[in-house]
Number of protein chains: 2
Amino acid sequence: MADPAPQPGQDPAPQRVLDAIRRDIILGALRPGARVTEAALSTAYGVSRVPVREALRALEAEGFVESRPYAGSTVAEIPLDDAEDLFAVRGIIEATIARRAARRAATHSAGQPPGRGWWEARRTLAGVLDDGDRAVAADALADLPELNNRFHLGVASLSGSASLAALLRQISGKIEWLYAADVDSRGRHSWGEHRLILGAIDAGDEAEAERLMAGHVLSSQRGYLERFTPGPTGTDAAAR
Amino acid sequence: MADPAPQPGQDPAPQRVLDAIRRDIILGALRPGARVTEAALSTAYGVSRVPVREALRALEAEGFVESRPYAGSTVAEIPLDDAEDLFAVRGIIEATIARRAARRAATHSAGQPPGRGWWEARRTLAGVLDDGDRAVAADALADLPELNNRFHLGVASLSGSASLAALLRQISGKIEWLYAADVDSRGRHSWGEHRLILGAIDAGDEAEAERLMAGHVLSSQRGYLERFTPGPTGTDAAAR
DNA sequence: ACGATATGCTTCGTATACATTCGCGGCAAG
DNA sequence: CTTGCCGCGAATGTATACGAAGCATATCGT
């Protein structure tokens with residue numbers, strides 16, 4: 001069947017609201033400390049208060065807003081002081097994910113059938129890499145952060161671990177928040193590493209995949225710290 | 001003033017439902033794959049469907065249930081295959097938290113005023129340690145997992161990093177799920193280490209706090225693996 | 001002038017009612 | 001006998017309405 005109307009057109013609405021609010025927070029449209037009221041959001045997005053409530057609850061679980069009963073919700077503070085530690089944790093998570101993905105690829109090469117969504121994830125990943133290469137060639141650096149995110153989430157899908165993928169999603173959002181308005185930063189210099197990582201995964205080389213991913217995240221961290229911390233001594237460079 | 005009504009009686013209700021459902025999942029009352037319907041939960045807990053929806057959305061963010069639009073929610077699978085990796089990631093997070101807590105304690109000792117909730121968290125932690133010692137002395141091992149959890153979350157509060165605390169909460173829930181019905185396992189042998197850790201934190205010894213916490217988590221992991229994996233070779237010991 | 005109390009508004013929490021969609025059983029055609 | 005289609009039932013998604021709790025401000029008394 002060609003699925004005459006299988007496309008729901010758009011996600012169920014709480015999802016859209018959730019993504020929209022999170023995007024507004026990450027991109028700075030909603031500043032930390034700002035009060036976010038249900039009524040305002042519901043009118044802004046043209047939905048009822050119930051979906052907004054669910055979205056706020058999810059945002060709270062993700063750490064983007066803080067709520068107190070009967071006291072309302074406010075946008076949380078950007079975790080500037082946690083930058084180094086967040087990068088360190090992300091490094092471990094991503095490296096583990098890469099290793100798991102490589103292991104799974106090796107298992108599949110041995111003849112065992114891959115999981116249900118494996119081929120789909122693998123194909124999506126290939127498309128992401130091609131899109132990224134095109135964006136780099138066209139100097140469309142504004143698209144890179146989004147593609148970068150999709151690449152790393154794609155590798156998480158490849159790893160087959162929902163737990164690790166969820167952790168990555170959470171911490172990745174925080175780090176994206178750190179980059180804030182600095183959109184065109186994670187430039188082309190690290191994009192090329194993606195192909196190497198995926199190559200190691202496809203080859204089933206666990207150690208190499210883990211090593212490459214760890215270095216990839218580390219270079220990202222280096223780029224961030226060089227740009228945002230005042231002094232190299234790194235005492236308390238908090239912009240707080 | 002002495003806060004005439006500091007005790008709100010009970011948590012706001014969505015919170016209670018959330019904790020109750022999560023507890024049912026972790027303790028096995030709700031088995032993986034089971035369908036969880038809003039109506040059933042609302043009647044079971046005597047609340048409306050809206051708070052149940054919020055709880056389900058939060059559970060989904062935490063990875064305990066999986067939902068598809070218009071298709072309902074089901075209890076997720078226990079991430080048995082992720083045990084090792086989850087412990088590894090948890091080790092990094094907890095060690096980082098311990099180091100941060102020690103750094104903060106050292107800063108405070110230098111004369112700077114602690115954050116708002118610091119003293120409260122520190123006092124709570126002391127109480128948890130005492131309660132745990134009493135439980136150990138009375139052979140009330142059933143209380144230890146809960147106290148263990150409160151200790152580690154307390155240290156997270158001491159670290160002052162909401163981001164790391166949120167990550168710990170998430171991963172800690174997963175690991176608690178792994179232990180499942182094995183309630184009286186994380187026995188007394190590792191409880192005594194808590195006091196050492198807190199001592200290093202109070203002394204402001206970052207390196208020691210980090211080292212002790214890493215070893216503490218590692219011993220917990222050892223205990224888990226020894227109990228649940230069939231063979232020492234560790235091929236594919238998945239109970240799947 | 002300062003503080004405590006009281007009042008009003010805003011916001012959250014909950015319940016009820018209606019629209020939309022998915023899954024499944026039955027039925028008919030090949 | 002298999003296969004495709006159709007209709008029904010149940011559960012989810014959404015909207016609206018109402019009661020309860022906090023917070024801010026204003027007023028009154030000392």
Side-chain angles (χ1 to χ4, degrees), chain A residues 1-22 24-25 30 32-61 64-76 116, chain B residues 1-22 24-25 30-31 33-62 64-76 116-117:
Chain A
M1 286 310 170
D3 295 296
Q7 182 162 359
Q10 49 209 5
D11 290 335
Q15 191 67 33
R16 293 191 309 120
V17 175
L18 171 67
D19 292 337
I21 299 176
R22 179 170 40 208
D24 284 345
I25 291 178
L30 291 174
R35 290 183 56 83
V36 280
T37 140
E38 300 177 2
L41 293 174
S42 63
T43 59
Y45 294 107
V47 296
S48 174
R49 270 181 47 206
V50 178
V52 173
R53 279 176 67 90
E54 299 183 24
L56 282 179
R57 177 72 59 170
L59 265 311
E60 186 183 6
F64 285 108
V65 304
E66 294 175 353
S67 303
R68 285 187 324 174
Y70 297 100
S73 303
T74 59
V75 178
R116 183 66 177 92
Chain B
M1 291 307 163
D3 295 297
Q7 181 163 357
Q10 50 204 8
D11 288 337
Q15 190 68 32
R16 292 190 311 118
V17 176
L18 171 65
D19 291 337
I21 300 176
R22 178 170 41 207
D24 284 345
I25 292 178
L30 291 174
R31 307 284 290 270
R35 288 184 54 84
V36 280
T37 122
E38 301 176 3
L41 293 174
S42 62
T43 58
Y45 294 107
V47 296
S48 175
R49 269 181 48 205
V50 178
V52 173
R53 279 181 66 85
E54 297 183 24
L56 283 178
R57 177 73 56 170
L59 265 310
E60 186 183 6
E62 295 179 22
F64 285 109
V65 303
E66 294 175 352
S67 303
R68 287 187 324 175
Y70 296 98
S73 304
T74 59
V75 179
R116 183 66 176 94

Using a 4.5 Å cut-off on heavy atoms from C-beta on, say whether the side chain of L41(B) contacts that of V17(B). no

From CG of L41(A) over to C1' of dT11(C), roughly how many Å is that when rounded to an integer? 13 Å

Rounded interatomic separation in angstrom, taking CD from E38(B) and P from dT14(D): 11 Å

Within the structure provided, determine whether R57(A) and P14(B) are in side-chain contact (heavy-atom separation under 4.5 Å). yes

Answer yes or no: is there a side-chain heavy-atom contact under 4.5 Å between R16(A) and Y45(A)? no

Please find the pair of heavy atoms, one from I25(A) and one from V65(A), that lie closest to each other, and give the distance. CD1-CG1, 3.9 Å

To the nearest angstrom, the CZ-C1' distance between R57(A) and dT14(C) comes to 13 Å

Contact class for T37(B) vs. all strands (heavy atom < 4.0 Å): base, sugar-phosphate, or nothing? sugar-phosphate

Between atom CZ in R53(B) and atom P in dG13(C), what is the gap in whole Å? 16 Å

Here the distance between atom P of dT14(D) and atom CG of L18(A), to the nearest Å, is 13 Å

Under a 4.0 Å heavy-atom cut-off, which of residues 67-76 of chain B touch DNA chain C? R68(B), Y70(B)

Side chain of R49(A) - closest among dA15(C), dC18(D), dT12(D): dC18(D)

Taking the side chain as every heavy atom from C-beta outward, state whether V75(B) and R31(B) have any atom pair closer than 4.5 Å. no

Please report the distance, rounded to the nearest Å, between CZ in R35(B) and P in dT12(D). 7 Å

Could you state the CD-P distance from E54(A) to dT14(D), rounded to the nearest angstrom? 7 Å

Heavy-atom closest pair (S48(A) atom, S42(A) atom, distance to 0.1 Å) is O-CB, 3.7 Å

